[in-house]
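To start, the structure under review is shown below, and the notes come after it.
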Amino acid sequence: MNHNSLLRLSGFVLLAGSLSAPAFSQAPIRITADLTDAPRKLYHAEIDIPVKSGPASFTTPEWIPGNHRPTGPADQITGVVFTANGKTLPWRRDDTDLYQFHVDVPSGVTTLHVHLDCIVLSRISDKLAVLEWEKLMLYPANTPVRNIPIQPSVTVPKGWGIGTALQPVGSYDPNAKVGGTTQFQPTTVEQLEDSPVITGEYFHEFALAPEISPKHYIDVVSDDPKDSNLRPEVLAEISNLVREASTAYASHHYNVYHFLLTLSDVAGGEGLEHGQSSDNGVEELGFADARHQVYNADLLSHEFTHSWNGKYRRPETLYQTDFHKMQEGELLWVYEGMTQYLGNVLAARSGLKSAAQYRDILAASAANLDYKPGREWRSTDDTAIAASILRGGNPAWANWKRGQDYYQEGELLWLDADTLIRQLTDDKKSLTDFLQIFLAKGGNSGPLIVTYNRQELIDDLNQVVKYDWAKFFHDRVDLINPHADLDGITRGGYKLIYQDHPSDTDKMAGGGRRMAGPNVWYSLGLRISAEGVISDVRWGSPADQVKLAPGQRLIAINGRTFTADRMREAIDQAKTNKEPIHFLMLTEDYIKPIDIDYHDGQRYPVLVRDNSQKDYLDEITTPLTEEAKKAREQSATHTRSQSE
Ligand SMILES: [Zn+2]
């Protein structure tokens, strides 16, 4: 679409244009990112900034979109040298804004040259590297970043391939893997920050869903040569993901889309959305087989969905015109929560996971929220507002504190809304009708940011079906709710129950997880490693009543050394013999006996079918496109013939 037609839409704010070739009067900044030292954990940049003489201030990014917190790596930026006409210039860091550098530009100077390095300790290995541009960018401070033109180049080790949504100047064959320097077309600082680059020795680029325009690719790098050559089954599923998203969201807001995927046990996990690409990092074998794939299944669909929900449609308080002002998290239960819902649904529709796996993972997530005592004092709204101080951190007492619950709370809320729309309209409409309004306003476009507020969600939902959506949101988001919103699951035709053995999905995935301890969260109330180290104690649980604490270690159980199997056996025995379970507890260097009087057996969450209700979960996970439907039928036939 063109920008003018978008501006005509009432209530819309146009914030960024399709800027692959911006028409700016000023010359662009030129930046060359040198990743040839990536195996040594160092990136370098050479930057030429057009300037006027006099005092000038430059900055590196602080609030990184998608991170929802100030993660710009100012502390890792080093070797900063400003020069003009070959002469080194003095600089001074701002006293209160540590991201800013002040320089006096001598008269007659029109271009300032800056060299800087960044120490990079994650998303990097001996064989691959990911460049998120906040690591190297420096640009004029206090200026809207969409107004600063910049022309990027990237230098990579010889023989490494490059994957990015940036458009190369001239022809570029990613599969030729020549290494050296690639020059890209000019863009803006806002768009460059949104356009990461992955590079690696073992690189493959695959085209996806070739009949769909604009074009979609997945670029893969790995530490082991065999892993980046993804299985044909996975590529078919990702192609179906592209088809399913195109249908469900009825629009695109990019000129090209690149899934960027790293497979590495040392480069770290990642999932960061961008408008025209996504930075996805999983373990080396993350997509090697079904067992590893199950818990990575929604990563690509989640980050892809963000191109619509998060990048194109952005909460008005989360968008800032530069990367300096705080991004406010209030509507993250939409930005992340609806994406969490859609990411899981689309993973099931496209075959990246099965409908049964979808239900098992939903059960685990719903149970986790329902057994979260922190909800007695903290609303979901507060988990979103406080997002920037809730990410990561120590798991100790995390259940009493609550974490970034707006992801999973949002998933349950939007499932509730989806099943409610289906019921209220006698199955004539669903959340898809809302998505096709909310995410497709203005039709197709290049990369754009269009902001919204809670009232727009309410108005768009009312276009689908009249209901008190303001109260619907208020009750679930703003109020204290001691229990999770399970209405979408029950209306969807299932009940959340606790059984004495793990779900099939948990059993399958458990084998692929390192360090997994026994799951006794819903029985004793402990998160515990395979070695018996306690990371969290559930508030109000049997373990809490005997005053166990995070950091302690269970070293013996019923007179024998602790193992996960003995823990499960002891819980089973206590159910029948009604004896307390005896533990020896190591606290720092003190050992003491502890008895837990618990007799309700092992408990694991699972969804069971309620035949008195319509199976909406089945309808919701049914593909919308013929290609994905066909693939699902073939896989069902394949599974049947295998089990026969
Ligand atoms: Zn997300």
Side-chain angles (χ1 to χ4, degrees), residues 15-16 31 43 45 47 57-78 80 91-102 116-124 130-146 148 150 188-196 268-275 278-279 281 303 306 310-311 314-336 339 381-394 401-407 449 451:
L15 295 168
I31 179 168
Y43 293 172
I47 309 169
S57 302
F58 304 94
T59 190
T60 58
E62 179 178 354
W63 282 80
I64 307 305
N67 282 351
H68 319 310
R69 56 197 174 126
T71 48
D75 58 330
Q76 301 287 27
I77 290 172
T78 182
V80 182
W91 56 267
R92 190 168 197 282
R93 191 183 296 271
D94 190 87
D95 287 289
T96 58
D97 176 353
L98 304 183
Y99 292 79
Q100 264 195 51
F101 297 82
H102 301 301
L116 60 85
D117 309 312
C118 188
I119 302 163
V120 181
L121 301 176
S122 65
R123 313 295 294 122
I124 198 165
V130 178
L131 172 62
E132 298 277 5
W133 285 90
E134 65 268 16
K135 293 186 168 65
L136 294 177
M137 269 205 291
L138 186 88
Y139 48 88
N142 311 313
T143 310
V145 284
R146 66 173 184 269
I148 308 174
I150 188 164
T188 63
V189 165
E190 182 166 79
Q191 282 298 309
L192 188 60
E193 169 57 33
D194 203 40
S195 306
E270 180 61 289
L272 185 58
E273 64 274 21
H274 297 282
S278 48
D279 172 9
E303 303 308 340
H306 269 317
K311 286 294 162 180
R314 185 102 40 107
E316 62 187 11
T317 53
L318 202 67
Y319 178 76
Q320 296 294 356
T321 54
D322 63 29
F323 304 129
H324 182 64
K325 297 184 196 79
M326 179 176 178
Q327 296 166 12
E328 297 172 31
E330 185 205 6
L331 282 165
L332 282 169
W333 52 274
V334 188
Y335 182 118
E336 293 296 357
T339 301
D381 185 46
D382 187 63
T383 70
I385 290 171
S388 62
I389 56 170
L390 286 176
R391 190 173 280 253
N394 196 294
K401 175 180 158 188
R402 297 193 82 174
Q404 296 176 290
D405 291 3
Y406 52 83
Y407 280 86
I449 301 166
T451 61

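Computed from a prediction, not measured in an experiment: that's the story for all the values here.
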Query raised in the report: Could you go step by step and tell me if Met137 and Thr60 meet the side chain to side chain contact (heavy atoms under 4.5 Å, CB included) rule?
Result: CA-CA 6 Å; Met137 269 205 291; Thr60 58; over 6 Å; no
If you look at every heavy atom in [X] and [Y], which pair is closest and at what distance?
| X | Y | result |
| --- | --- | --- |
| Pro140 | Ile148 | O-CD1, 3.9 Å |
| Ile64 | Gly72 | CG1-N, 3.7 Å |
| Ile150 | Leu192 | CD1-CD2, 3.8 Å |
| Tyr406 | Ala387 | OH-CB, 3.5 Å |
| Val145 | Tyr139 | CG1-CE1, 3.8 Å |
| Asp95 | Leu98 | O-CD2, 4.0 Å |

**Report entry** Tyr99 and Asp94: CA distance, side-chain angles, deciding distance, side chain to side chain contact (heavy atoms under 4.5 Å, CB included) verdict
**Finding:** CA-CA 8 Å; Tyr99 292 79; Asp94 190 87; over 6 Å; no
Query raised in the report: Below 4.0 angstrom, N of the basic side chain to O of the carboxylate: do Arg123 and Asp279 qualify?
Result: yes
Exam field: side chain [X] to backbone [Y], donor-acceptor pair closer than 3.5 Å:
| X | Y | value |
| --- | --- | --- |
| Arg314 | Tyr319 | no |
| Trp333 | Tyr407 | no |
| Thr143 | Ala141 | yes |
| Asn67 | Arg69 | no |
| Glu193 | Glu134 | yes |
| Gln100 | Ser57 | no |
| Asp322 | Lys325 | yes |

Requested in this report: Decide yes or no on side chain to side chain contact (heavy atoms under 4.5 Å, CB included) for Tyr335 and His306, but give the supporting numbers first.
Outcome: CA-CA 8 Å; Tyr335 182 118; His306 269 317; 3.3 Å; yes
Query raised in the report: Does the ring center of Trp91 lie less than 6.0 Å from the ring center of Phe101?
Result: yes
Query - Candidate list Gln404, Glu328, Glu336, test side chain to side chain donor-acceptor pair (under 3.5 Å), partner His68, passing option - result: Glu336
Report task. Applying side chain to side chain contact (heavy atoms under 4.5 Å, CB included), run through Leu332 and Leu318 and close with a yes or a no. Result -> CA-CA 9 Å; Leu332 282 169; Leu318 202 67; 4.0 Å; yes
Query - Pro196 vs Leu131 side-chain heavy atoms within contact, under 4.5 Å - result: no
Report summary line: Residues at least two apart in sequence or cross-chain that pass side chain to side chain contact (heavy atoms under 4.5 Å, CB included) with Asp194, listed by chain then number, are His274, Lys311
